[in-house]
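One structure below.
Each ligand, and each atom within it, is numbered from 1 in the order the structure gives.
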Amino acid sequence: MSTDRDAGAEIRLESLTKRYPGQDRPAVDALDLLIPAGETVVFVGPSGCGKTTSLKMINRLIEPTSGRILIGGEDITRRDPTRLRRQIGYVVQGGGMMPHLSVAENVGLVPRLLKWDRRRIADRVDELLDLVGLDPAVYRDRFPRELSGGQQQRVGVARGLAADPPVLLMDEPFGAVDPLTRQRLQQEMLDIQARVGKTIVMVTHDVDEAVLLGDRILVLEPGAHVAQYATPEEVLARPATEFVADFVGSGAGLKRLGLRSVDSLPLRPIAHHPTSTLPDGPVLDAATPISEALAALVTAPTEEIAVVRDGTVIGLLDYPTLRAHARAGDEQARP
Ligand SMILES: Nc1ncnc2c1ncn2[C@@H]1O[C@H](COP(=O)(O)OP(=O)(O)OP(=O)(O)O)[C@@H](O)[C@H]1O
């Protein structure tokens with residue numbers, strides 16, 4: 001597959017609005033946006049600002065209250081939504097695989113609905129598994145339960161690309177995997193995008209991910225009001241408002257902290273915790289970078305995670321402690 005920037009389509013949102021029943025303010029309030037063909041645009045912003053609602057209106061999983069969506073110049077607000085969704089790839093957190101279908105059947109889902117012949121579907125499935133780094137001979141007949149989280153996520157990406165759609169929507173695609181797998185998937189996503197040239201719209205909570213993957217970043221305030229829409233370099237170097245500076249700043253603070261390890265934080269001491277009584281829940285090695293510990297804490301079933309050095313628990317770490325230090329790191333870095 002060669003680089004093909006023409007493979008994507010321009011997306012234009014015009015005064016796009018969503019008002020949920022019973023809510024006094026619109027979740028998305030007259031959003032205007034132009035996403036050039038073949039670019040990756042990443043939506044970031046505080047929880048509830050309207051990222052997912054905006055994304056899901058593009059394939060009409062959520063129906064707009066008013067406004068227009070043009071893809072490749074065509075107003076898709078009048079198209080049959082089911083047909084439309086076969087032409088827009090959609091990748092969700094965790095991969096969203098059907099548990100009772102094999103990898104090949106999952107990837108071939110949309111081509112089958114589009115009535116491609118079997119040979120063409122089989123060839124396409126193998127081509128895509130190769131693209132996402134899964135050996136087709138090993139993985140095509142496996143079931144989701146026989147795959148790791150990262151492998152399921154790869155299958156999700158392959159499925160999103162199956163019918164060669166000009167547009168790929170990704171909703172927190174790498175949010176369900178461990179930090180190392182996440183980094184690997186992000187790198188692979190850059191390679192894949194360089195090869196397929198789709199127009200990609202992605203929602204993430206991770207500013208670092210937005211900076212890495214986005215040609216442009218859309219920073220939203222509540223109501224999906226645009227705080228800034230610019231390249232990552234621009235957003236980091238010249239945040240348009242205090243809000244943007246604060247929002248991307250906390251990520252930058254974490255990035256700086258990322259070089260330090262968790263044993264440099266104040267851990268809650270515990271009286272006695274020999275190796276034999278290591279807690280059941282997740283543990284972190286003392287050398288784990290703080291940025292990775294954050295992801296572990298956010299997804300942990302417990303409020304504290306034990307930090308272990310040489311098989312012995314040296315203390316407990318909680319989210320408020322880590323967060324307080326991330327903020328402190330930020331302030332120190334400001335002039
Ligand atoms: N089905 C719904 N009915 C009513 N209100 C909703 C519905 N879905 C979302 N909302 C509200 O609309 C607003 C935007 O939600 P949305 O999920 O788009 O935000 P988000 O930025 O993606 O949030 P998060 O980062 O937490 O996923 C929120 O205030 C939310 O409570």
Exercise for the section: Test side chain to side chain donor-acceptor pair (under 3.5 Å) on Asp263 and Ser261 and set out the steps. Expected result: CA-CA 6 Å; Asp263 57 358; Ser261 50; 2.8 Å; yes

Practice task
Show your working on side-chain contact (heavy atoms from CB on, under 4.5 Å) between Asp126 and Arg140 and close with a plain yes or no.
Solution key: CA-CA 8 Å; Asp126 285 4; Arg140 71 165 83 83; 2.9 Å; yes

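Within 4.0 Å of ligand 1, counting heavy atoms only, the contacting residues are Tyr20, Gln23, Ala27, Pro46, Ser47, Gly48, Cys49, Gly50, Lys51, Thr52, Thr53, His205.
By the side chain to side chain contact (heavy atoms under 4.5 Å, CB included) test, Arg83 pairs with Asp80, sequence neighbours left out.
Within a 6.0 Å radius of CZ in Arg112, more than 12 heavy atoms belonging to other residues, nucleotides or ligands are found.
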Atom pairs and distances, side-chain donor-acceptor, residues 163-176, under 3.5 Å, sequence neighbours left out:
| from | atom 1 | to | atom 2 | distance (Å) |
| --- | --- | --- | --- | --- |
| Asp164 | OD1 | Lys198 | NZ | 2.5 |
| Glu172 | OE2 | His205 | N | 2.5 |
| Glu172 | OE2 | His205 | ND1 | 2.7 |

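Judged as a salt bridge (Lys or Arg N to Asp or Glu O under 4.0 Å), not a single pair has a partner in residues 25-37 (not counting sequence neighbours).
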